[in-house]
Amino acid sequence: QVRLIESGGKLVQTGGSLRLSCVVSGLSFVGPAMGWFRQAPGKVREFVSAINWNGGSTVYADSVKGRFTISRDNAKNTVYLQMNNLKPEDTAVYYCAARTGENYYSIATEPADFDSWGQGTQVTVSS
């Protein structure tokens, strides 16, 4: 019933910028903690960024710190990932995830802490 839909991924040149969006539907409450993860071919899914229920707390992987910014607009049921100064190593399928269990409001960084996932959106950074 809960559905997450990512969008915004595309081919971009090194140094370029993209903004990913994730729209959440099917929840009876607003503001679950959200996360962004990514998975490149042949690699495990890795944490990118996360945000708590009201946007007051955020966390970033070291690999994207200073380049990516996570934000949310609960009125639109949407979470964003602004990606600047993109590098080829950022190439991956990016997944949005929602934490909808008992601790839905609390920020988390492990895939197991999230129970709803989007289908993914492809980001490709050319060198």
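Residue indices begin at 1 and follow the sequence shown.
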Is [X] linked to [Y] within one hydrophobic cluster, defined over Ile, Leu, Val, Met, Phe, Trp and Tyr using a side-chain heavy-atom separation of less than 4.5 Å?
X	Y	result
L27	M34	yes
V123	W117	no
V93	V23	no

- Is there a donor-acceptor contact under 3.5 Å linking the side chains of T100 and D115? yes
- Message: Evaluate T91 against Q122 for side-chain contact (heavy atoms from CB on, under 4.5 Å), listing each step before the verdict.
- Response: CA-CA 8 Å; T91 295; Q122 176 71 50; 4.0 Å; yes
At their closest point, which heavy atom of [X] faces which heavy atom of [Y], and how far apart are they?
X	Y	value
V59	F47	CG1-CZ, 3.5 Å
S57	I107	O-CD1, 3.6 Å
K43	Q39	O-NE2, 3.1 Å
F114	G35	CE2-N, 3.5 Å
S127	P88	CB-CG, 3.7 Å
T121	G9	OG1-N, 3.1 Å

Rounded to the nearest 0.5 Å, what's the gap from [atom1] on [X] to [atom2] on [Y]? Could you check?
X	Y	atom1	atom2	result
L18	Q82	CG	CD	8.0 Å
N103	D113	CG	CG	8.5 Å
F37	S49	CZ	OG	9.5 Å
K10	L20	NZ	CG	11.0 Å
L81	S71	CG	OG	8.5 Å
I5	N77	CD1	CG	12.0 Å

- Task: Answer yes or no: is there an ion pair linking K87 with D90, defined by an N-O contact shorter than 4.0 Å?
- Result: no
Look only at the side chain of [X] and the backbone of [Y], and say whether a donor-acceptor pair between them is shorter than 3.5 Å.
X	Y	result
R72	G55	no
Q119	E6	yes
Y105	N54	no
R99	N52	no

- Item | CA sep, side-chain torsions, deciding dist, call: R38, S63, side-chain contact (heavy atoms from CB on, under 4.5 Å) | CA-CA 12 Å; R38 66 187 182 186; S63 59; 3.4 Å; yes
- Hey, mind stepping through V48 and M83 against side-chain contact (heavy atoms from CB on, under 4.5 Å) and telling me if it holds? CA-CA 11 Å; V48 176; M83 305 185 294; over 6 Å; no
- Item | Name of the residue among W36, Y95, Y94 meeting side chain to side chain contact (heavy atoms under 4.5 Å, CB included) with C22 | W36
- Quick one: does NZ or CZ of R19 land under 6.0 Å from the six-membered ring centre of Y80, within 45 degrees of the ring axis? yes
- Item | Worked verdict on F68 versus L86 for side-chain contact (heavy atoms from CB on, under 4.5 Å) | CA-CA 9 Å; F68 291 10; L86 284 162; 3.9 Å; yes
